[in-house]
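What follows is a single structure, written as structure tokens, with notes after it.
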Amino acid sequence: MSIRRRLFMTIAALATMVCAHAQYNIQCEDTCNHIHGLDMSHYQGNVFWEAIGNNGRMYYVYLKASEGGDNQDKRYVDNIRMAKASGLKVGSYHFYRPKQPQVVQLRNFRAQCHPDQQDLVPMIDVESAGGLSASALCDSLHKFLELVEREYHQKPLVYTYTNFYNKYLVGQLDDYKLMVAQYTPDREPKLADERDIFAWQYTGKGYIYGVTGYVDKSRLLGRHTMREIRYNRRR
């Protein structure tokens with residue numbers, strides 16, 4: 001093979017790699033006009049919140065505040081302060097552990113999630129049955145959701161994923177708005193009971209300037225608006 005031909009093939013290969021990399025980094029929010037947001041926790045490490053605020057396509061972020069009865073996210077205090085300063089609408093979520101006492105979990109969440117810092121209603125992340133049956137899980141979850149509503153004076157948003165909902169939660173959350181995770185970019189989630197879905201977490205491997213590594217991204221579905229989950233302090 002001649003030197004000229006070898007050089008040509010090398011340049012062509014590099015160009016292909018660059019194009020493939022560019023295509024790989026095209027994100028959903030680059031190609032649509034939906035209302036997009038993020039789900040963040042200590043897993044993202046140090047975040048350059050100003051860059052995210054300047055992104056122009058991210059409207060909201062849900063920050064992990066707590067998990068179970070005694071786990072508190074170590075980045076939450078800094079994250080909520082800096083996310084609000086960056087101009088994002090901010091909400092907080094709790095990762096629910098079905099076998100742990102609901103009152104203890106509420107106390108843990110409340111220690112982090114202060115009403116005067118919230119722009120959005122609380123979100124409860126339920127994606128573990130903890131070994132419980134569907135009926136036992138739902139009984140446990142409803143007790144916790146009621147405690148959260150009583151504490152914050154508004155119904156929380158519930159986060160789960162399609163398969164988990166279809167196995168454990170069908171027909172049990174009709175009074176709550178849902179954020180549903182399903183990582184199929186070209187196919188919106190559909191639940192077994194055909195429940196309306198407020199927001200769709202469409203990727204767990206998103207990219208955004210300001211975060212090193214992956215980030216969860218979501219967008220509102222249908223005609224839903226941010227007004228529906230605005231934290232109402234007048235209640």
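What you are looking at is a predicted structure, and each value in this text was computed from that prediction instead of being measured.
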Output yes when a side-chain donor or acceptor of H142 lies under 3.5 Å from a complementary backbone atom of Q172, and no otherwise.
yes
Gap separating the CG atom of D186 from the CD atom of E188, nearest 0.5 angstrom
10.5 Å
Tell me which one of S66, S128, S140 satisfies side-chain hydrogen bond (donor to acceptor under 3.5 Å, both in side chains) with Y96.
S140
Apply the test side chain to side chain contact (heavy atoms under 4.5 Å, CB included) to residues Q112 and V77: give CA-CA distance (whole Å), side-chain angles for both, the deciding distance (0.1 Å), then the verdict.
CA-CA 8 Å; Q112 293 267 76; V77 174; 4.0 Å; yes
Nearest heavy-atom pair of Q201 and D216: which atoms, and what distance?
NE2-CB, 3.6 Å
Within 6.0 Å of OH in Y183, more than 12 heavy atoms from elsewhere:
yes
Classify the side-chain pair Q72/N108 by whether it contains a donor and acceptor separated by less than 3.5 Å.
yes
What is the distance from atom CG of L145 to atom CG of L106, rounded to the nearest 0.5 Å?
11.0 Å
With side chains defined as the heavy atoms from C-beta onward, is the minimum distance between L88 and S86 less than 4.5 Å?
yes
Are L63 and V121 joined in one hydrophobic group, where the rule is that I, L, V, M, F, W and Y side chains link up if heavy atoms are under 4.5 Å apart?
no
Quick one: does I208's side chain get under 4.5 Å of R57's, heavy atoms only?
no
Mind checking whether V170 and I197 sit in one hydrophobic cluster, side chains of I, L, V, M, F, W, Y counted as touching below 4.5 Å?
yes
Parallel, tilted or perpendicular: which fits the ring planes of H36 and Y202, with parallel below 30° and perpendicular above 60°?
perpendicular
Distance (rounded to the nearest 0.5 Å) between R219 CZ and K217 NZ
12.5 Å
State whether the side chain of D193 and the backbone N or O of G171 hold a donor-acceptor pair below 3.5 Å, judged by distance alone.
yes
Determine whether E67 and R97 satisfy the following criterion, side chain to side chain contact (heavy atoms under 4.5 Å, CB included), listing intermediate values before the conclusion.
CA-CA 7 Å; E67 177 176 336; R97 293 293 183 185; 2.6 Å; yes
Is it the case that the side chain of Q118 and the backbone of P115 share a donor-acceptor pair, with hydrogens and angles ignored and the cut-off at 3.5 Å?
no
Before you tell me yes or no, could you show the steps for Y165 and Q182 under side chain to side chain contact (heavy atoms under 4.5 Å, CB included), namely the whole-Å CA-CA distance, both residues' side-chain angles and the distance that decides it to 0.1 Å?
CA-CA 11 Å; Y165 180 91; Q182 180 176 294; over 6 Å; no
Roughly how far, to the nearest 0.5 Å, is the CD1 atom of I80 from the CG atom of D78?
11.0 Å
Min side-chain heavy-atom separation V148-I124 under 4.5 Å
yes
Are the side chain of Q100 and the backbone of Q105 linked by a donor-acceptor contact shorter than 3.5 Å?
no
All heavy atoms of F198 vs all of L157, minimum pair found to be CD2-CD1, 4.1 Å
Does F109 have any ring pair (Phe, Tyr, Trp, His ring centres under 6.0 Å) partners at least two apart in sequence or in another chain, and if so, which?
H94, Y152
Please tell me whether S218 and Y62 have a donor and an acceptor in their side chains that are separated by less than 3.5 angstrom.
no
Could you check whether any side-chain N or O of R110 sits under 3.5 Å from a backbone N or O of E151, counting only pairs where one atom can act as donor and the other as acceptor?
no
Test F164 against V126 for side chain to side chain contact (heavy atoms under 4.5 Å, CB included), laying out the working first.
CA-CA 9 Å; F164 189 88; V126 53; 3.9 Å; yes
Hydrophobic cluster identity match, Y176 and L120, side-chain contacts under 4.5 Å:
no
Are H224 and D196 packed together at the side-chain level, in the sense that at least one heavy-atom pair is separated by less than 4.5 angstrom?
yes
In terms of heavy-atom contacts, T162 and K190 come closest through CG2-O, 3.9 Å
Is M179 reachable from L173 through a run of I, L, V, M, F, W or Y residues, each pair having side-chain heavy atoms under 4.5 Å apart?
no
Test item: L191 and N166 side chains (from C-beta on) under 4.5 Å apart, heavy atoms
yes
Within this structure, what is the CG-CD distance for the pair D175 and E149, rounded to the nearest 0.5 Å?
8.5 Å
Using a 3.5 Å cut-off and no angle test, enumerate the donor-acceptor pairs between side-chain atoms of residues 46-53 and protein atoms at least two apart in sequence or in another chain.
| unit_1 | atom_1 | unit_2 | atom_2 | d |
| --- | --- | --- | --- | --- |
| N46 | OD1 | R75 | NH1 | 3.2 |
| W49 | NE1 | N79 | OD1 | 3.2 |

Distance (rounded to the nearest 0.5 Å) between Y231 OH and Q117 CD:
11.0 Å
Please report whether the ring centroid of Y93 lies less than 6.0 Å from that of Y159.
no
Write down the atom of A199, the atom of L220, and the distance for their closest heavy-atom approach.
CB-CD2, 3.9 Å
Does the structure place the NZ or CZ of K89 under 6.0 Å from the centre of the six-membered ring of Y60, at an angle of no more than 45° from the ring's axis?
no
For residues V90 and K84, report the shortest heavy-atom separation together with the two atoms involved.
CG2-CG, 3.7 Å
Cluster overlap I35 with M123, hydrophobic side-chain contacts below 4.5 Å
yes
Would you say the side-chain atoms of E146 pair up with the backbone N or O of K143, donor to acceptor, closer than 3.5 Å?
no
Looking only at heavy atoms, what is the nearest atom pair of R187 and W200, with distance?
O-CZ2, 3.4 Å
